[in-house]
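Take a look at the structure set out below.
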2 protein chains.
Amino acid sequence: MVQLTNQDRALLRVLQEDCRITNQDLAERTGMSTSVCWRRVRALEEAGVISSYVALADPDAADLKFRAIVQVSLARTDTDTVRAFIDEVGQRPEVLQCFAVAGTSDYHLLVMCRDLEEYNRFYDEFLFERSCFGQVSMHLITRTIKSVVKLPV
Amino acid sequence: MVQLTNQDRALLRVLQEDCRITNQDLAERTGMSTSVCWRRVRALEEAGVISSYVALADPDAADLKFRAIVQVSLARTDTDTVRAFIDEVGQRPEVLQCFAVAGTSDYHLLVMCRDLEEYNRFYDEFLFERSCFGQVSMHLITRTIKSVVKLPV
DNA sequence: GGTGAAACTATAACGTT
DNA sequence: AACGTTATAGTTTCACC
């Protein structure tokens, strides 16, 4: 897909808020015919613009009330160390996000656990039981002001 | 909903990865009857454990290649200032996440824009044109190691 | 907790401009 | 080549057992 059209963006804006809408309703809300609507959504899926359709769960309702931003810096930055870190991040379900930021060997992680006890276990297994970390600083999230997955398309 | 059962967790694990699965397939994969499966999913929706069903879009494919973690600290922390900040965060589509962290007057924001130009506009309108900010530090995201919305239930 | 039937929807094949 | 139309198979949803 070379570039998104305004039609595509309109579809994405709706589907990013509610993907259970029927094709007919989606077509109405975006001002296109049902057949065009259906074909464009398909094209967005095949182009990978829409990567999946998922249920969003509420962290509080799912009893994940210990949330933190964890900043870690790798003491060593050789390929093997970095690869092992990335693999582990991918496998840990408690880690929802991990971003590398410019200008440092820092990674910003979003971590969710049930409680402090579970976080401590995570910390011991993942962060402490490794020689690859320089500094680890945990910032407890006290309030979630905003958390959306809708991209500003 | 008092507490999630193992059945509920099984349903959530599947639906958080694919919500277009049919009730029959979902029942098979979670080892319950179709009627029980359907009723429990309904209960999860009504209890707000499942908050919505959405399409996930790929930021690169949607041409949102300027991503940053922005740390801001409020210079003033009176109710009006904080409220205005929270309102603005809610209205800005570029801000996907905003967390308050313990022990500081800091907020961690996840921001996505098309490019630097768009971010500069955002910065000028949102961050600079206000007297309420103490420090603002932007950390450009160079690599997304992981980004999922699936909670570890 | 199971069963079945009705209404609705997705999907693809076929026509049309 | 893009759009509209139609038929059908499949799914959701609800009432009842």
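Just so it is clear, the values below take in all heavy atoms, side chains as well, and ignore hydrogens, waters and symmetry mates. So that the names make sense, note that chain A is the first sequence line, chain B the second, and so on, each numbered from 1.
- Electrostatic pairing of A/D60 and A/R67 counts as a salt bridge here, judged by a charged N lying under 4.0 Å from a carboxylate O.
- Not counting sequence neighbours, the partners of A/N120 by the side-chain contact (heavy atoms from CB on, under 4.5 Å) test are A/L116.
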If a protein heavy atom is under 4.0 Å from the base, mark B; if only from the sugar-phosphate, S; if neither, -; do that for nucleotides 2-17 of chain D going 5' to 3'.
-> -BBB-----SSBS-B-

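- For A/E88, the salt bridge (Lys or Arg N to Asp or Glu O under 4.0 Å) criterion is met by A/R92, A/R130, not counting sequence neighbours.
- Between its opening and closing five pairs, the helix from C/dG1-D/dC17 to C/dT17-D/dA1 changes axis direction by 10°, a value rounded to 10 degrees.
- Residues A/M112 and B/V101 are members of one and the same hydrophobic cluster, defined by side-chain heavy-atom contacts under 4.5 angstrom among Ile, Leu, Val, Met, Phe, Trp and Tyr.
- Take B/D8 and apply the salt bridge (Lys or Arg N to Asp or Glu O under 4.0 Å) test, not counting sequence neighbours, and it matches B/R40.
- Here C/dT9 presents its C1' atom at 17 Å from OH of B/Y53, a figure rounded to the nearest Å.
- Listed by chain and residue number, A/V41, A/R42, A/I50, A/Y53, B/R20 satisfy the side-chain contact (heavy atoms from CB on, under 4.5 Å) test with A/E45 (two or more places apart in sequence, or in another chain).
- A tilted orientation is assigned to the rings of B/H108 and A/H139, their planes being inclined by 30° to 60°.
- Taking every heavy atom of both residues into account, A/A100 and A/Y107 meet most closely at CB-CE2, 3.6 Å.
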